[in-house]
A.B. asks: 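My structure is below; once you've seen it, I'll send some questions.
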Amino acid sequence: MLRISHTIEQQLINAIARAFPDAAELAQSRGESLNPAFGAASKPEFGDFQANGALALSKCLGKPPRQIAVAIAEQLKLDPEFNQICKPAEIAGPGFLNITIKPEVLAQELQIQLADPRLGVAPVSAEGNGFSPEVIVDFSSPNIAKEMHVGHLRSTIIGDCLARVLEFRGYQVKRLNHVGDWGTQFGMLITQLKELAPEALDTADAIDLGDLVAFYRGAKERFDSDIEFQAISREEVVKLQAGDPTSLKAWGLLCEQSRKEFQKIYHTLNISLQERGESFYNPYLQAVVSDLAQAGLLVIDDGAGCVFLEGMLSKEGTPLPLIIQKSDGGFNYATTDLAAIRYRFDKAGDGAKRIIYVTDAGQANHFAAVFQVAKRAGWIPPEASIEHVPFGLVQGVDGKKLKTRSGETVRLKDLLAEAVEHCSNDLRKRIKEEDRSESEDFVKQVSTTVGLAAVKYADLSTNRITNYQFSFDRMLALNGNTAPYLLYAVVRIKGIARKGGILNTKQTADLIFDQPQEWILARQLLQFDQVIQDVEIELLPNRLCSYLFELSQSFNRFYDQVTVLKAEEPARSSRLALCGLTAKVLELGLNLLGIETLERM
RNA sequence: GCGCUUGUAGCUCAGCGGAUUAGAGCAUCUGACUACGGAUCAGAGGGUCGGGAGUUCGAAUCUCUCCAGGCGCGCCA
């Protein structure tokens with residue numbers, strides 16, 4: 001319903017300009033446009049939209065706000081196009097204009113949404129010049145030779161959701177996995193590999209490194225205790241950076257092994273990613289340093305190449321440096337991040353218009369610093385945007401960082417398996433209690449879908465900026481704002497379809513509603529495009545979650561209180577259409593969250 | 001110490017480019033199963049929106065300050 005919303009807003013602006021030409025002129029002379037303070041109604045009783053602009057106008061016009069609202073409403077009454085869409089605007093409180101759309105217009109909009117495979121969400125290419133800008137979503141980004149753990153959960157899930165929403169809107173999305181595949185830790189890993197499995201370097205597939213975590217730990221232990229091993233490892237880093245073939249071979253083997261492990265998790269989560277690790281930017285690092293030097297931004301301090309930041313102070317109150325080149329001549333993550341920004345915006349590189357980094361909130365300072373330097377160096381095009389999308393820590397129910405019982409970091413693999421297992425146990429119990437008989441395949445498929453959905457939904461449904469309490473009990477609850485509740489709403493609609501109702505998605509007859517539950521549902525369905533747009537701009541998946549939850553609630557009320565299959569025509573067809581559209585919106589919405597839906601559960 | 005961030009019902013959280021009576025869910029209590037799966041629905045109680053000050057006709061929302069928690073703070077990412 002965004003199109004109608006824009007139309008009404010413009011009609012309001014015109015009405016204000018007609019009622020108060022002076023105010024319009026004043027706004028124009030200031031280079032501003034009149035602000036009707038227009039938006040969705042804060043409560044259903046207020047209609048569909050509200051405009052609070054009269055209150056702000058009262059100051060500069062020196063008139064009581066209610067009088068201004070009356071004048072605007074008078075002008076709206078004279079606009080035939082407005083009258084076609086809306087009932088007469090009502091004045092409430094100190095001077096709010098409450099606007100209600102005519103039922104027949106809502107029904108017509110619903111018809112359009114029903115017939116549209118995109119369910120009313122316009123593609124971005126339809127808005128401007130037919131061009132689909134490129135957006136990069138940088139997320140997940142685990143480290144090579146380490147296992148994915150809870151720390152990677154949020155970035156992976158939130159990043160995937162944002163990528164899905166942007167893709168659906170029609171942007172060309174690159175989902176980049178900026179894996180940690182370079183750095184000093186490879187010295188010890190390669191040294192360990194050469195000693196433990198030298199044959200792996202000569203023969204293809206000669207060895208399976210097996211548990212990489214144990215391998216990493218072994219290397220780390222030797223590095224910490226064995227001085228000779230340390231020295232060899234340091235030499236190995238130098239060799240690797242110099243491009244020694246044997247070292248590169250070993251490096252490649254380690255990366256490949258990790259890649260296989262990561263891929264298993266991504267496959268389980270149904271997430272696709274394009275790997276482009278830190279090493280990709282190696283050829284561009286030197287240029288970052290020399291160009292910053294040329295721009296006069298680089299300062300050598302304590303032997304390190306730094307850019308001193310504006311507006312950020314260190315402990316001592318001196319300007320904080322961003323180190324671009326270490327005193328030993330080596331580069332660090334800031335260098336890589338700068339090289340990446342440059343490459344991604346550059347037309348010769350990705351040519352992106354928007355870059356989104358989904359990482360934990362702890363890196364906020366780092367990104368602020370890197371973005372500032374990139375901006376000062378002129379590497380961010382004027383039309384482009386670069387955003388850090390931060391999220392809080394995953395905590396246990398005790399409010400502390402999530403750990404296993406033995407105090408270790410929780411492996412992502414185990415966490416997902418546990419969610420599925422919880423679900424499987426619940427489902428078996430339920431099947432027994434309800435005296436149903438279901439196949440093993442059914443149990444397996446349902447519990448996998450629900451378990452993973454629960455993990456994803458719990459993460460996405462809370463505002464990502466705050467820390468997040470991870471609790472299997474809460475996320476798998478059948479009631480409340482949880483994945484199972486939403487999935488159940490879909491299943492109920494599927495049940496109606498099975499019982500013989502054809503859920504017309506291309507309705508031709510008129511939609512006739514006479515129950516309040518129907519109107520509530522209809523109005524909510526029409527808000528889908530607005531919600532998608534909000535998520536696209538604000539990058540907050542919880543907005544979409546709240547919407548889907550409220551939609552499910554409205555549907556469940558409707559389902560409970562209004563009969564569908566046994567209703568008389570034309571109510572029956574209209575209600576079936578409503579069910580069909582609800583299912584489509586829920587399915588698409590959940591899909592954009594990365595969640596699969598079910599026919600039965 | 002500095003920076004970022006959070007503080008809303010017993011618990012988990014929405015709302016935060018100001019506006020009509022501050023919203024959900026869980027938990028608690030009370031109701032509803034011969035209409036499409038009750039994994040549901042209807043209802044009740046529960047709040048000085050961390051404290052204080054300011055801007056405003058109007059602040060959970062903006063500003064300042066204090067208090068409390070989390071995270072980070074020059075050569076790891």
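Note: hydrogens, waters and symmetry copies are ignored here, and every other heavy atom, side chains too, is used. A note on names: the letters A, B, ... follow the listed sequences, proteins ahead of strands, and every chain is numbered from 1.
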A.B. asks: Checking all strands, does Arg600(A) fall into the base, sugar-phosphate, or nothing category for heavy-atom contacts under 4.0 angstrom?
C.D. replies: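 The residue Arg600(A) makes base contact.
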
A.B. asks: Looking for any heavy atom pair under 4.0 Å, which part of the strands does Arg436(A) touch: base, sugar-phosphate only, or nothing?
C.D. replies: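 Touches a base.
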
A.B. asks: Is the shortest side-chain N/O distance from Lys146(A) to OP1 or OP2 of A77(B) below 4.0 Å?
C.D. replies: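 It does not, given that no N or O in the side chain of Lys146(A) lies less than 4.0 Å from OP1 or OP2 of A77(B).
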
A.B. asks: What's the gap between G46(B) and U55(B) when it is taken at their P atoms, as a whole Å value?
C.D. replies: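 That atom pair is separated by 34 Å.
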
A.B. asks: Classify the nucleic acid contact of Thr462(A) as base, sugar-phosphate or nothing, counting any heavy atom under 4.0 Å across all strands shown.
C.D. replies: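 Sugar-phosphate contact only.
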
A.B. asks: What one-letter contact string describes nucleotides 1-7 of chain B from 5' to 3', where B marks a base within less than 4.0 Å of any protein heavy atom, S marks contact via sugar-phosphate atoms alone, and - marks no contact?
C.D. replies: B-BSSS-

A.B. asks: Between C41(B) and Gln561(A), is there an OP1 or OP2 to side-chain N/O distance shorter than 4.0 Å?
C.D. replies: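 Answer is no, no contact under 4.0 Å.
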
A.B. asks: Return the 5'-most residue of the pair Glu434(A), Asn332(A) with respect to RNA chain B, ranking by each residue's nearest nucleotide.
C.D. replies: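 First, find each residue's nearest nucleotide; the 5'-ward one identifies Glu434(A).
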
A.B. asks: Is the ring of Phe46(A) stacked on the base of U20(B), with centres less than 5.5 Å apart and planes under 30° off?
C.D. replies: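 Stack criterion met.
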
A.B. asks: In whole Å, measure the gap between the C1' atoms of G58(B) and C66(B) for me.
C.D. replies: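 My reading of the C1' atoms in G58(B) and C66(B) gives 26 Å.
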
A.B. asks: Do any N or O atoms from the side chain of Gln527(A) and from the backbone of Val531(A) form a donor-acceptor pair under 3.5 angstrom?
C.D. replies: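 Absent.
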
A.B. asks: For A39(B), does either OP1 or OP2 sit under 4.0 Å from a side-chain N or O belonging to Arg430(A)?
C.D. replies: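 Arg430(A) to A39(B) OP1/OP2: side-chain N or O found under 4.0 Å.
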
A.B. asks: Hey, what do you get for CG (Leu548(A)) to CG (Leu590(A)), rounding to the nearest 0.5 Å?
C.D. replies: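 The CG atom of Leu548(A) sits 5.5 Å away from the CG atom of Leu590(A).
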
A.B. asks: Using a cut-off of 4.0 Å on non-hydrogen atoms, how would the nucleic acid contact of Gly362(A) be classed: base, sugar-phosphate, or nothing?
C.D. replies: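 Sugar-phosphate contact only.
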
A.B. asks: Can we call the ring centroids of Phe367(A) and Tyr357(A) under 6.0 Å apart?
C.D. replies: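 Between Phe367(A) and Tyr357(A), the centre distance is under 6.0 Å.
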
A.B. asks: When you check the side-chain N and O atoms of Gln286(A) and Ser290(A), is any donor under 3.5 Å from an acceptor?
C.D. replies: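 There is no such pair (donor and acceptor under 3.5 Å, judged by atom type) between the side chains of Gln286(A) and Ser290(A).
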
A.B. asks: Using a 4.0 Å heavy-atom cut-off, does Phe549(A) contact any base of the nucleic acid, only the sugar-phosphate backbone, or nothing at all?
C.D. replies: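 If one applies the 4.0 Å heavy-atom cut-off, Phe549(A) turns out to touch the sugar-phosphate alone, with no base involved.
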
A.B. asks: Could you measure between the two C1' atoms, the one in C76(B) and the one in G23(B), and give it in whole Å?
C.D. replies: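 Between the two C1' atoms, the distance is 44 Å.
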
A.B. asks: Among A19(B), A42(B), C73(B), find the nucleotide with the atom closest to the side chain of Arg557(A).
C.D. replies: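 Nucleotide nearest to Arg557(A)'s side chain: A42(B).
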
A.B. asks: I want to check something: taking the side chain as every heavy atom from C-beta on, are Cys579(A) and Val564(A) in contact at a cut-off of under 4.5 Å?
C.D. replies: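 Sidechains of Val564(A) and Cys579(A): in contact.
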
A.B. asks: When the nearest nucleotide of RNA chain B is assigned to Ala304(A) and to Asp360(A) on a heavy-atom basis, which residue is associated with the more 5' position?
C.D. replies: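 Here Asp360(A) is the residue nearer the 5' end.
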
A.B. asks: Give me the distance, rounded to whole Å, that separates U28(B) from G10(B) when you measure between the C1' atoms they each carry.
C.D. replies: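 Comparing C1' positions in U28(B) and G10(B) gives a spacing of 10 Å.
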
A.B. asks: Give one of base, sugar-phosphate or nothing for Ala489(A), where a contact means two heavy atoms less than 4.0 Å apart.
C.D. replies: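 Here Ala489(A) touches no strand at all.
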
A.B. asks: At less than 4.0 Å, is any side-chain N or O atom of Arg492(A) found next to OP1 or OP2 of G38(B)? Yes or no.
C.D. replies: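 Yes, Arg492(A) has a side-chain N/O under 4.0 Å of OP1/OP2 on G38(B).
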
A.B. asks: Taking the six-membered ring for Trp and the single ring otherwise, decide whether the centroids of Phe470(A) and Phe472(A) are under 6.0 Å apart.
C.D. replies: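 So the answer is yes for these two rings.
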
A.B. asks: Any side-chain to backbone donor/acceptor pair from Arg464(A) onto Leu539(A)? Under 3.5 Å, distance only.
C.D. replies: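 A pair under 3.5 Å: yes.
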
A.B. asks: Would you please confirm or rule out a distance under 4.0 Å between OP1 or OP2 of G23(B) and any side-chain N or O of Lys43(A)?
C.D. replies: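 Checking G23(B) against Lys43(A), a side-chain N or O does come within under 4.0 Å of OP1 or OP2.
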
A.B. asks: Which is true for Gln185(A) with a 4.0 Å heavy-atom rule: it touches a base, it touches only sugar-phosphate, or it touches nothing?
C.D. replies: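 No contact at all - Gln185(A) keeps every heavy atom at 4.0 Å or more from the nucleic acid.
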
